[in-house]
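Just so we're on the same page: letters track the sequence lines, and every chain starts at 1. None of these values were measured; they are calculated from a predicted model.
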2 protein chains.
Amino acid sequence: MLYAVFMSSVLPPFPEPPEPLDAPQLLEVGTAGGETEPCLRADAARNRARLLEAAARLIAEHGVAGVTMEAVAAAAQVGKGTVFRRFGDRTGLLTALLDHSGRRLQADFMSGPPPLGPGAPPLMRLRAFGVAVLYRSAEQLDLQLAAQPEPNRRFSHPAHGALRTHVTMLLRQIVPDGDCELLAQTLLASLDPALIHHLTRQRGMPMERLEAGWLDLVARVTRTQA
Amino acid sequence: MLYAVFMSSVLPPFPEPPEPLDAPQLLEVGTAGGETEPCLRADAARNRARLLEAAARLIAEHGVAGVTMEAVAAAAQVGKGTVFRRFGDRTGLLTALLDHSGRRLQADFMSGPPPLGPGAPPLMRLRAFGVAVLYRSAEQLDLQLAAQPEPNRRFSHPAHGALRTHVTMLLRQIVPDGDCELLAQTLLASLDPALIHHLTRQRGMPMERLEAGWLDLVARVTRTQA
DNA sequence: AACCTAAACGGACCTCGGTCCGGATCGTTC
DNA sequence: GAACGATCCGGACCGAGGTCCGTTTAGGTT
């Protein structure tokens with residue numbers, strides 16, 4: 001499959017893990033002139049796009065394992081240092097590839113239509129949220145797995161933070177008493193791509209079972225009925 | 001701290017991840033002569049012990065990060081190839097260091113005294129189990145984190161399998177209806193060392209809160225009272 | 001005791017992620 | 001349009017994990 005991601009890639013993605021280098025990107029984007037959106041130098045932006053495109057192509061051709069930093073650099077006709085300057089490390093690059101769907105998911109549950117977005121009762125939103133995450137992860141499993149940073153940073157990643165905040169917020173509306181932060185972490189842990197991978201590919205559970213499992217789990221945790 | 005681990009290390013540990021090489025270890029141990037316990041050649045066993053000892057020393061001196069395969073080999077006055085032959089990879093070595101406490105925990109909940117071991121009601125055992133795992137992980141957090149294999153193998157590891165089986169078994173007694181396998185995975189996920197690390201060290205939650213969180217989670221999942 | 005084979009050993013070698021810094025570029029300023 | 005400084009680029013370089021294969025040795029056999 002082709003991760004049609006790099007199209008939106010001229011604009012910087014997520015906060016994107018602590019830009020590794022000394023604070024670059026200080027110019028303003030010209031079109032509107034008002035936003036404080038950090039912007040890259042023209043050549044940098046061009047290279048960024050080319051790198052993402054190259055990475056996506058490599059994935060399509062050789063799988064995630066084929067995405068070597070040097071290979072990506074070569075495919076984009078760019079120096080290796082440039083890749084690291086732009087994305088920090090391999091995880092950063094892979095994460096940038098996931099950025100598109102990540103942002104869409106985030107937009108969906110923050111301001112999209114019910115049952116995912118606001119408007120539906122919290123419990124329903126929570127149910128829908130898990131299912132959405134589940135299927136999104138299932139689609140891009142390999143990439144999700146490969147993009148997983150070393151254990152330390154896994155949870156501090158901004159994307160994870162957004163999900164956590166959202167789930168916590170929903171939980172607070174459903175079970176005002178109770179340690180919602182902790183419960184949120186637990187719920188999210190049960191949607192961990194690595195776990196999904198294990199359950200589906202190694203233990204052969206069908207997605208329907210995982211989905212049912214999520215609904216059941218939510219019911220139990222919120223002490224509502226299944 | 002010193003991981004007093006390598007004392008029992010002349011005997012092979014856990015099933016230990018798929019011994020990487022072509023099936024070695026075919027001799028029988030001399031004392032009893034009856035068991036099918038795989039046994040290493042004398043020199044191999046000696047080197048194994050020396051490697052574990054060296055690794056433990058390195059950890060004590062320079063932290064987990066100081067445990068380089070080459071450093072361990074050098075400290076044990078052994079070739080690098082030997083380290084890999086014996087432990088497969090870095091993860092294998094680190095896992096072997098955890099083996100001692102892992103086995104003890106396993107023995108505790110499989111045949112130890114209540115409330116962890118058999119004899120206590122399942123619900124109580126489950127509660128105790130989580131608390132035990134929690135504190136064990138907290139003690140050896142660094143090592144646990146470093147020993148975490150790439151996402152794929154995390155759940156297929158035999159040690160994890162043992163825990164999973166146990167929790168599943170307890171759950172079946174408590175909530176006979178319900179997808180106990182899935183619930184078990186979820187419960188275990190909430191005890192993941194990486195998560196504990198994040199909650200305690202990065203978000204500053206005290207262990208008491210995690211402990212309370214576990215008890216609450218168990219109560220909710222089993223639909224019993226807190 | 002000599003012999004023989006499976007197993008273990010060692011360290012050169014490869015790959016890949018990540019760092020560094022001299023030199024090229026962009027975009028601004030005057 | 002020329003000068004200038006911040007930013008970026010490139011690729012040599014490093015360290016660590018992991019592989020390979022020729023050599024050595026344990027330990028059973030005759």
Task: Nearest-angstrom distance from the residue atom CG of A/D43 to C1' of C/dT25 - done: 6 Å
Open item on the list: Determine whether a donor-acceptor pair (one donor, one acceptor, N or O, separation below 3.5 Å) exists between the side chain of A/R85 and the base of D/dT7.
Closed with: no
Open item on the list: Could you report the tightest heavy-atom contact between A/V64 and A/A146, atom names first, then the distance?
Closed with: CG1-CB, 3.1 Å
TODO: Whole angstrom is fine here: how far is it from CE in B/M69 over to P in C/dG10?
DONE: 14 Å
Task: Considering all heavy atoms, the nearest B/R164-B/A184 contact - done: O-CB, 4.3 Å
- [ ] Between B/G81 and B/V67, name the one whose nearest nucleotide on DNA chain D is closer to the 5' end.
- [x] B/V67
TODO: Report the relative orientation of the aromatic rings in A/F129 and A/W214; use parallel for angles under 30°, tilted for 30 to 60°, perpendicular for over 60°.
DONE: tilted
Task: Candidates D/dC8, C/dC16, D/dG27 - which lies nearest the side chain of B/A42 - done: D/dG27
Task: Distance, rounded to the nearest Å, where A/F84 contributes CZ and D/dC14 contributes C1' - done: 13 Å
Open item on the list: Whole angstroms only, please: what is the CG-P distance between A/L93 and C/dC16?
Closed with: 15 Å
Open item on the list: Check this for me: does any side-chain nitrogen of one of A/R154 and B/D192 sit under 4.0 Å from a carboxylate oxygen of the other?
Closed with: yes
Open item on the list: Please report the distance, rounded to the nearest Å, between NZ in A/K80 and P in C/dT15.
Closed with: 12 Å
Task: Between C1' of C/dA7 and CG of B/L40, the distance in whole Å - done: 10 Å
- [ ] Using only side-chain N and O atoms of B/R41, determine if any of them is under 4.0 Å from OP1 or OP2 of C/dA8.
- [x] no
- [ ] Check the distance between D/dG10's P and A/L51's CG and give it to me in whole angstrom.
- [x] 9 Å
- [ ] Check whether any side-chain nitrogen or oxygen of A/T82 sits under 4.0 Å from OP1 or OP2 of D/dC8, and answer yes or no.
- [x] no
Open item on the list: Closest-nucleotide mapping onto DNA chain C: is B/V78 or A/R90 further toward the 5' terminus? I mean the 5' end.
Closed with: B/V78
Task: Nearest-neighbour nucleotide for the A/E70 side chain, C/dC16, C/dC9, C/dA6 considered - done: C/dC16
- [ ] Starting from C1' on D/dT25, measure out to CG on B/N47 and report it in whole angstrom.
- [x] 12 Å
Open item on the list: Testing the basics here: between A/D89 and A/M69, what is the closest heavy-atom pair and its distance to 0.1 Å?
Closed with: C-CE, 3.7 Å
